[in-house]
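Lettering of chains follows the sequences in order, A, B, ..., and the numbering in each one begins at 1.
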2 protein chains.
Amino acid sequence: MYDVGMAARKPGKKIHAQQDVPRRVTLKFLAEYLQLSTTTVSVVLSDSPLAMTIAQKTKERIWAAVEKFQYRPNMFAQYLHSKRTFSVAVLVPDIGDEYSSSLISGIERRLSEAGYKYIVASHRGAPKEIETSPETLMDRAVEGMIFINTPLQKRLPIPVVAVSDITTAPGVSRIVIDNDRAIWLGLSHLKQLGHKRIAFFKGPDHNGDTEMRWKAVLENSEKFGLEVERELTVQLGTYPEVNESTVSHHGYAAAMTLLKRTRSFTALMAFNDGSAIGAIRAFQDAGLSVPNAVSVIGIDDVPLGEFIYPRLTTVRQPLEQMGQLAASTLLDRINGMTVLEETKVLPELIVRESTAPQRYR
Amino acid sequence: MYDVGMAARKPGKKIHAQQDVPRRVTLKFLAEYLQLSTTTVSVVLSDSPLAMTIAQKTKERIWAAVEKFQYRPNMFAQYLHSKRTFSVAVLVPDIGDEYSSSLISGIERRLSEAGYKYIVASHRGAPKEIETSPETLMDRAVEGMIFINTPLQKRLPIPVVAVSDITTAPGVSRIVIDNDRAIWLGLSHLKQLGHKRIAFFKGPDHNGDTEMRWKAVLENSEKFGLEVERELTVQLGTYPEVNESTVSHHGYAAAMTLLKRTRSFTALMAFNDGSAIGAIRAFQDAGLSVPNAVSVIGIDDVPLGEFIYPRLTTVRQPLEQMGQLAASTLLDRINGMTVLEETKVLPELIVRESTAPQRYR
DNA sequence: TTGAAAGCGCTACCAA
DNA sequence: TTGGTAGCGCTTTCAA
């Protein structure tokens, strides 16, 4: 393979570039081909202020050569000066789950508009991964990071935004659903339908929405004159132990647990759609019709929700939009703007078929 | 901020490194601190053959300093020599859909074992994106690419692996489900249950499995003495036009189309789980019980399949495993090994509740 | 209007 | 057992 380097034998001694084009064309090659200095070529390519002083004719020759050789600057060499990589990292528990991938979809949309690429790293809950991956990502010189439902302990030297936040480090911008509003929407819907004895699923401990959402359950129940009974609440993923990993499995198991305790509830406010769908199946298996015997409401609005039987009533969490917001916020911080420490996103009630007026039983 | 560069005033004139540590420690800084040359430090850090010749004592001093200053080599500077980035790119139609994200989950697992990171780019079907993103990804110096259900026209100068292949370029390694076997499994199951008039969903045109799967339908039907009637087949995404994007919507619409034509079928072999779930809902809405009036079988085995009503009978496509295989194959090619041009993965029949023996109607 | 030279952080060749 | 020096591909003074 022809090596460009060989063309420059002695400084000052111009040698016409050979016909052979190296595997990847470099600035130096272009300059030699054009009988110009790399400086000149670099200046016009990057359109720096100095480019004003270059003859129009020269510029045109340069651009023609760029076109001819399909020259593309080497980002890694550029980085050495600019320290910019136009890439960020996204940390998620598991890229395979619906929640993460919907958010990432939104993140990507916004990022690609800005010419950024992203690296995603799933830690699958492994503490070691969570601990070390910020480092290995910093090695790739990402300009910022987005933590999705992932704890960050120490402050990073780059901008960080968290979605479904469980970070404890300072200086993190947060994008969160307005959980109070979400619960309020669900509860007021159930209340309007006449439900009094409502069961609740509390989220798993490692989830960033669990605490806020549970607090909202307590507060809003009080507001609505509803009682949150211990007997009617079960936390996902704690009891009983299930090996299966999806939230739906946890929802199924949680519903079964509930049924073993009592059947005195007429509605269930689940933690999310996955657990709601699992619970619906459990109720059906136990011979309880949904929504006739028990109404079920989820949170999220997963795509399949409108195809299950009965179609799922839920509180929509605009994940795509939250992803976009996270990306926008991160880009703003990267560009040195000051941003809100926390941005709340509004949920929306989607009434379908899994909720119905309470019938006396 | 203290600038390390200032420490080296004149070559040869050693100056003790200051107490101040620069933002990010460099090799040069370390070397000055240790009163060694960068060569020496570099050699022991990379544990090159030459490292044998370095005094143990010196090595220890170096490692201690690395620890003390938390030195991490700059990958971008390293790249300039090694031309290696330990990163690959993954192209998908949409990272938000279940199919893509499950595959990526497998890809990531294998990649991270090998210390690789990946960039994902969703083109959302936009021809312009599909055309240009290989270029922009090459700019990031990825060492290979994985195309998921995405067309690649021209040969790339780096290794490429395709999953659900629709590439036309040469030199691509393919990972595919054994579609013939998948259809065979589904059809033999239905046949055993006594079904004779079976409806089919054909996949959308832009999907890599559509052709092979349809061919398999034709061939296996013949083998089983089943007839594939025009009236009983509808292609997803073609008719009628639906604006909604998910396959489930397409499945719902396709099923409705089918019902408008005839009700003379007793089973449906869908193109995948998404369309199967949409179809089940359509049948239910039309007053047809599944599986009593019509049996439905999907392909994929999505997580929610076992929670819908009725639980979905399906042919499992091991997406995680296929992702891992894709990554392994790509890594092998990157490392210069020769790999199979095509690897077929075996599907598996999962019998649940959406299929039942045919009852005479 | 253009070019020489230094330097970004690291590796590698050749000396000492 | 260790160091000087050149160079990877590019940008950026400073000079001409």
Value in whole Å for how far the P atom of dG4(D) lies from CG of L36(B): 11 Å

Phosphate OP1/OP2 of dT2(D): any T58(B) side-chain N/O under 4.0 Å: yes

Atom pair distance, as rounded to whole Å: CZ in R84(A) and C1' in dC8(C): 17 Å

Whether Q153(A) side chain and T168(A) backbone form a donor-acceptor pair below 3.5 Å: no

dC10(D) phosphate, OP1 or OP2, under 4.0 Å from Y79(B) side-chain N/O: no

Selected nucleotide, minimal atom distance to T53(A) side chain, candidates dC10(D), dT2(C), dG9(C): dT2(C)

Spacing between L50(B) atom CG and dC14(C) atom C1', to the nearest angstrom: 11 Å

S37(A) side chain near dT2(C) phosphate (N/O to OP1/OP2, under 4.0 Å): no

Nucleotide dG3(D), atom C1' - distance to CG of L27(B) in whole Å: 14 Å

Candidate nucleotides dC10(D), dC8(D), dC8(C), ranked by approach to the side chain of L80(B) - the nearest: dC8(D)

Residue K83(A), side-chain heavy atoms: nucleotide from dG9(C), dT1(D), dT2(C) that is nearest: dG9(C)

NZ/NE/NH1/NH2 to OD/OE distance under 4.0 Å, E341(B) and R174(B): yes

Salt bridge R110(B)-D332(B), side-chain N to carboxylate O under 4.0 Å: no

Residue-phosphate contact under 4.0 Å: T38(B) side-chain N/O, dC10(C) OP1/OP2: no

Ring centers of F69(A), F29(A) separated by less than 6.0 Å: yes

Under-4.0 Å side-chain N/O to phosphate OP1/OP2 contact, T40(A) with dG3(C): yes

Nucleotide dG3(C), atom C1' - distance to CD1 of I62(A) in whole Å: 13 Å

Distance-only donor-acceptor test (3.5 Å): side chain T39(A), base dT12(D): yes

Contact under 4.0 Å: Q78(A) side-chain N or O vs dG9(D) OP1/OP2: no

Protein-nucleotide distance (N74(B), atom CG; dG9(C), atom C1'), rounded to Å: 6 Å

Residue met sooner reading DNA chain D from 5', once M52(B) and A77(B) are mapped to nucleotides: M52(B)

NZ/NE/NH1/NH2 to OD/OE distance under 4.0 Å, K128(B) and E131(B): no

Side-chain N or O of K59(B) closer than 4.0 Å to phosphate OP1/OP2 of dT1(D): no

Nearest-Å distance for atom pair CZ/P, residues R24(B) and dC8(C): 16 Å

d(CG, D47(A); P, dC10(D)) in whole Å: 17 Å

Side chain of A55(A) (C-beta onward), nearest among dC10(D), dT11(C), dT1(C): dT1(C)

L111(A) side chain near L331(A) side chain, heavy-atom distance below 4.5 Å: yes

